[in-house]
Amino acid sequence: MTVNVKNLTGTKIALLICKKRQWIDEKVKALDLSRTQWQVLAHLNYLPMPCAQQKLLKSLDIDRAHLARLLGQLEERGIIIRSQVPGDKRALHIELTQQGRALKEKVKEALLQEHKQMLSGFTAQEVAQLDGWLDKMTVNLLG
């Protein structure tokens, strides 16, 4: 039996993620943020402040050098402030400026709109079932 890769669940999830990111890109276009910049702000919505740069790195799917460049860009724009952790010269904390907190809220609003749009037409039971399936797939991949 020949399997069409296009019909694999993972391929469909990857396509959904791509469409999801494009949808949010369009919603935050006026904020003048690149995709990876708004993703940093999105992750800062659920990480404690000040956030350890290493903790942010672990939550994103990018390498250390890319994150350092992104944070440098955000710092130049006055969106974040990086400071050394007392007692550890290599560790950095990230804090949002007032401008950064305002942008983070706008990104959060776009994420909430995307969530609502993506799940429109689903019942609460269907959403709960989907959440359970996604959690189970994640556990399956973690081993």
Side-chain angles (χ1 to χ4, degrees), residues 1-85 88 90-143:
M1 177 177 165
T2 303
V3 176
N4 185 343
V5 175
K6 183 173 84 174
N7 293 326
L8 295 176
T9 302
T11 302
K12 290 180 178 185
I13 291 171
L15 178 61
L16 174 62
I17 290 168
C18 180
K19 296 300 179 192
K20 170 183 163 36
R21 288 177 179 159
Q22 290 171 353
W23 195 93
I24 297 169
D25 285 345
E26 189 59 36
K27 292 296 177 189
V28 300
K29 186 185 279 187
L31 303 177
D32 192 30
L33 295 169
S34 70
R35 177 175 290 169
T36 48
Q37 288 172 338
W38 70 250
Q39 286 175 329
V40 166
L41 292 174
H43 282 260
L44 291 175
N45 270 301
Y46 60 83
L47 294 171
M49 286 287 128
C51 175
Q53 185 167 322
Q54 187 64 27
K55 190 169 224 164
L56 179 59
L57 179 64
K58 287 181 182 179
S59 76
L60 293 163
D61 190 22
I62 60 175
D63 63 49
R64 182 182 310 273
H66 189 184
L67 179 61
R69 283 190 303 277
L70 283 168
L71 294 176
Q73 293 165 359
L74 293 172
E75 195 168 34
E76 283 178 24
R77 288 184 56 188
I79 295 170
I80 66 161
I81 297 170
R82 289 184 286 184
S83 58
Q84 282 190 321
V85 175
D88 188 347
R90 295 181 304 163
L92 293 173
H93 271 153
I94 301 161
E95 291 188 71
L96 291 163
T97 63
Q98 184 174 353
Q99 177 188 356
R101 287 189 296 277
L103 279 173
K104 181 186 84 157
E105 287 304 312
K106 289 178 181 177
V107 169
K108 181 179 178 180
E109 181 59 34
L111 292 168
L112 292 172
Q113 289 175 10
E114 171 265 329
H115 177 78
K116 184 178 178 182
Q117 177 71 27
M118 186 170 53
L119 296 175
S120 66
F122 284 82
T123 66
Q125 182 180 359
E126 289 170 330
V127 171
Q129 191 173 34
L130 175 61
D131 286 346
W133 291 337
L134 293 170
D135 290 344
K136 189 172 183 176
M137 283 187 266
T138 301
V139 168
N140 287 347
L141 287 175
L142 294 175

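Hydrogens, waters and symmetry mates are skipped; everything else that's a heavy atom, side chains included, is used.
One distance of note links CG of Leu112 with CD of Glu114; it measures 9.0 Å at 0.5 Å rounding. Between atom OG1 of residue Thr97 and atom CD1 of residue Ile79 there is a gap of 7.0 Å, rounded to the nearest 0.5 Å. The structure places CE of Met118 at 6.5 Å from NE2 of His115, a figure rounded to the nearest 0.5 Å. With rounding to the nearest 0.5 Å, the separation of CG in Leu67 from OG1 in Thr36 is 9.5 Å. The line from CD1 of Ile94 to CD of Gln53 is 5.0 Å long, rounded to the nearest 0.5 Å. Remark: Leu8 CG to Ile13 CD1 distance equals 10.5 Å, nearest 0.5 Å.
Taking all atoms of both residues into account, the shortest heavy-atom contact from Gln39 to Leu60 is O-CD2, 4.1 Å. Nearest heavy-atom pair across Leu44 and Lys104 is O-CD, 3.8 Å. The nearest pair of heavy atoms linking Leu47 to Cys51 is CD1-SG, 3.8 Å.
The ring pair (Phe, Tyr, Trp, His ring centres under 6.0 Å) pairs that include a residue from residues 36-80 are His43-Tyr46, where partners are two or more places apart or lie in different chains.
Leu130 is listed as a side-chain neighbour of Leu119, based on a closest heavy-atom distance under 4.5 Å. Using a 4.5 Å heavy-atom threshold, the side chains of Val40 and Ile80 count as separate. Looking at heavy atoms from C-beta onward, Lys106 lies out of side-chain contact with Val28 at the 4.5 angstrom threshold. In this structure the side chain of Gln22 reaches within 4.5 angstrom of the side chain of Arg35, judged on heavy atoms. Put simply, the side chain of Thr9 reaches to within 4.5 Å of the side chain of Met137, judged on heavy atoms. Side-chain contact between Lys12 and Leu16 is absent, with no heavy-atom pair separated by less than 4.5 Å. Residues Val107 and Leu111 meet the side-chain proximity criterion, which asks for heavy atoms closer than 4.5 Å.
The pair Lys29-Glu26 meets the salt-bridge criterion, since a charged nitrogen lies less than 4.0 angstrom from a carboxylate oxygen.
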Evaluate Lys27 against Glu109 for side chain to side chain contact (heavy atoms under 4.5 Å, CB included), listing each step before the verdict. CA-CA 9 Å; Lys27 292 296 177 189; Glu109 181 59 34; over 6 Å; no
Test side chain to side chain contact (heavy atoms under 4.5 Å, CB included) applied to Leu31 and Leu41, step by step: CA-CA 12 Å; Leu31 303 177; Leu41 292 174; over 6 Å; no
Start with the C-alpha distance between Leu70 and Ile62, add both sets of side-chain angles, then the distance that settles side chain to side chain contact (heavy atoms under 4.5 Å, CB included), and finish with yes or no. CA-CA 10 Å; Leu70 283 168; Ile62 60 175; 3.6 Å; yes
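For the pair Lys19 and Trp23, the cation-pi criterion (under 6.0 Å, within 45° of the ring axis) is not fulfilled.
Only one option out of His93, Glu75, Glu95 pairs with Arg82 in a side-chain hydrogen bond (donor to acceptor under 3.5 Å, both in side chains); it is Glu75.
Asp135 CG: more than 12 foreign heavy atoms inside a 6.0 Å radius.
A distance-only check finds a donor-acceptor pair linking the side chain of Thr138 to the backbone of Leu134 [under 3.5 Å].
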